[in-house]
Each structure stands twice: as C-alpha cells, then as structure tokens.
Amino acid sequence: MDRRQLESAGAGYPHAYLQGFYGIPFGMAMALVGLTNLTDPPVLVWIGIIGPLLTVAAFFGVARYYRHRFGKVVHMRSRQTRYLAAALVGFAVYVGADQLGRAVLGRPPLEPVSTTAAAWAVGMLVFYAIAAGLRAHHVVIWVTVFVAALLPLWTMGADKDAVAYFPIAAATVVAGLFDHRRLVLTFRSYRDLDFGNNHGDA
Amino acid sequence: MEMRDDEPALDRLIHEPARLAILTVLSSVESADFVFLQRTTGLTKGNLSSHLSKLEDGGLVAIEKTFVRRKPNTSVALTAEGRERTARHWDQLDLMRARAQAPADDRP
C-alpha cells in the first residue's frame, strides 16, 4: 500500500483544477465576455439573458456530475488557501502583464498583436503552477495561445481585445477536457490498489 | 515472547488494509463523502459501510448523515484521535520497513 498515493487521492482532487469539465462553463463565460465587448455585439437577448443562463446551467450540471460520479471532498484550509492564492496571483499576473504590454506597445497596442491573450496565457500558467502543478497539456495549450497572441494576426481594430477572448475560451475548454481525462485516469489507478472486499471482520 | 519497548507496535483496528486506506485518504482532507471514499478505495457499499462503522465505534472517524435535496449524504471526517493514530501507525510501518531493509548487522 502506498501512503503517498492514497494521500494524493484526497489532496489531489481540487475543486477547480482536475474537475476539468468546469472548463466548459468558464469557457462559455469567456466567450460571452468577448461577445459583450464587440463594437457590434449580437442581439442583447443572447448575450444578456440566454448566454448567461446557459453558462450557469452548465456550471450546475458539471457540479452535479462530479458530485454523483466522483463524490465530494472538503479540503484542508491550507489547500483552500493555496487555490485562492493561485487564482489571485494568476489574475494579478494577467493584469500586470497586460498593462506592461500596453505600456510598451501603446494603448491600444499599435502592433497587430494581442496583449490580452498573451497576458491571460501567462496568468493561466502561473495559476496552474501554484494550484496543483503544471502538466504537459497546460504548457502546450497556453504556450500556443501565448505564441498566437504575439503573431501579427490581430488586425481587427477596436475589436482586437474582444476577439482575444475567443481563443482564450477555446483553450479553457480544451485544457479542461485534458484535466478531466487525467482525473478519470487517476481514479482508474485506484482500482488497482485492491484492498480486498472482505467485511472488515479483522 | 517478550516485546522490547522500542519494538514497533501496530494498531490492530487501523492495520486492516481497507481501513488503513480509508483513514489515509481522510488524513489528507477535512472531510469526504461516501461516494469519494468508495471511488478511491474500490470497496463495495456494504464493505465500506462496515469498515466505517468499526472506525466510528473505535472513535477514529466522525460520520455525519444529512439529506441533500432529499437524497441521503454521508460525510466522513477523521477525529483528532484518528488523525494522530493514523500518522503514528504509518510511522510504525515506515520504521518496520526501514528495519527490514537494513543489513542484518545493523539491526538492533
């Protein structure tokens, strides 16, 4: 029996990390932010009512799925603090990197690059690194977003910042799907531990 | 056979593999529900329930049964005593393992 593996079963089951399907509602929220910030946004009923309702419904659907499928854990205060710190530091890095980029490239940036997408990618990498450790798929997905943000593709004028949220939304969903796969594989590995299904008469 | 004072002593209630697994998972969290413990230990409902009853009788875990949206929900947490005894048990196992792996000449 491996003590570390069993301990990681509890400690490594964070609420907002490996439960990757949460990436779906968060990705939807990011896409809504992008749509809202377009100079000519879609009909208000979509971004103001139906979109948020679908996002909230997806969030509760995912929460229900994980509760039924994998159960529920209340983490130690130290671990809860770590996730909160990861989110705050990640967001601070995003804001800081975005502002730094705009200070160098102009407001709005004169170059056809997206400081929003680049800064968000860096913030996400910092978040994952602090929250539970970077995995290969996080690096691949968010470095891809970072590189794409710095390529001279962003020639949408006033909509440049708004459009940046669409690749961010897609990356959030894809990273979440990989996180979920990792969660499933992790739980599958517990089956091999085989503690025997005797009735505990010992 | 006489036991030396520094001989590792194993806690019989904890030493059963399934119970040690349950306690070790619980030692890394504040509390966990029945479904999570089932998923991580691979025990059937009946066996997990039986082991949890023994652990509760021994004062190692506290079990709280509630209803969430009319469905029963069982939340399990280690007691202070359970946390201390589980940690001590693992220390004893580590000590035994270290002694078993040590060259014969180094053994006390």
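Please read all numbers here as calculations on a predicted model, not as lab measurements. Just so we're on the same page: letters track the sequence lines, and every chain starts at 1.
B:F36 CZ to A:F187 CZ: the interatomic distance, rounded to the nearest 0.5 Å, is 4.5 Å. Atom OG of B:S31 and atom NZ of A:K72 lie 7.5 Å apart (nearest 0.5 Å). The line from NZ of B:K71 to CZ of A:R67 is 8.5 Å long, rounded to the nearest 0.5 Å. Between A:M76 atom CE and B:S27 atom OG the span is 7.0 Å, to the nearest 0.5 Å.
Within a 6.0 Å radius of NE2 in A:H68, more than 12 heavy atoms belonging to other residues, nucleotides or ligands are found. Atom OH of A:Y65 has more than 12 heavy atoms from other residues, nucleotides or ligands within 6.0 Å. At most 12 heavy atoms of other shown residues, nucleotides or ligands fall within 6.0 angstrom of atom CZ in A:F178.
Applying the salt bridge (Lys or Arg N to Asp or Glu O under 4.0 Å) test to B:E64 and every residue at least two apart in sequence or in another chain returns nothing. Checked against salt bridge (Lys or Arg N to Asp or Glu O under 4.0 Å), A:R102 has the following partners two or more places apart in sequence or in another chain: A:D98, A:D161.
Across every non-hydrogen atom of B:V29 and A:V74, the tightest pair is CB-O, 3.6 Å. Taking each heavy atom of A:H75 and B:E30 in turn, the nearest pair found is O-CB, 3.6 Å. Shortest non-hydrogen contact noted between B:V35 and A:G71 is CG1-N, 3.6 Å.
No other option in B:N73, B:V76, B:D33, B:L37 has as many heavy-atom pairs under 4.5 Å with chain A as B:D33.
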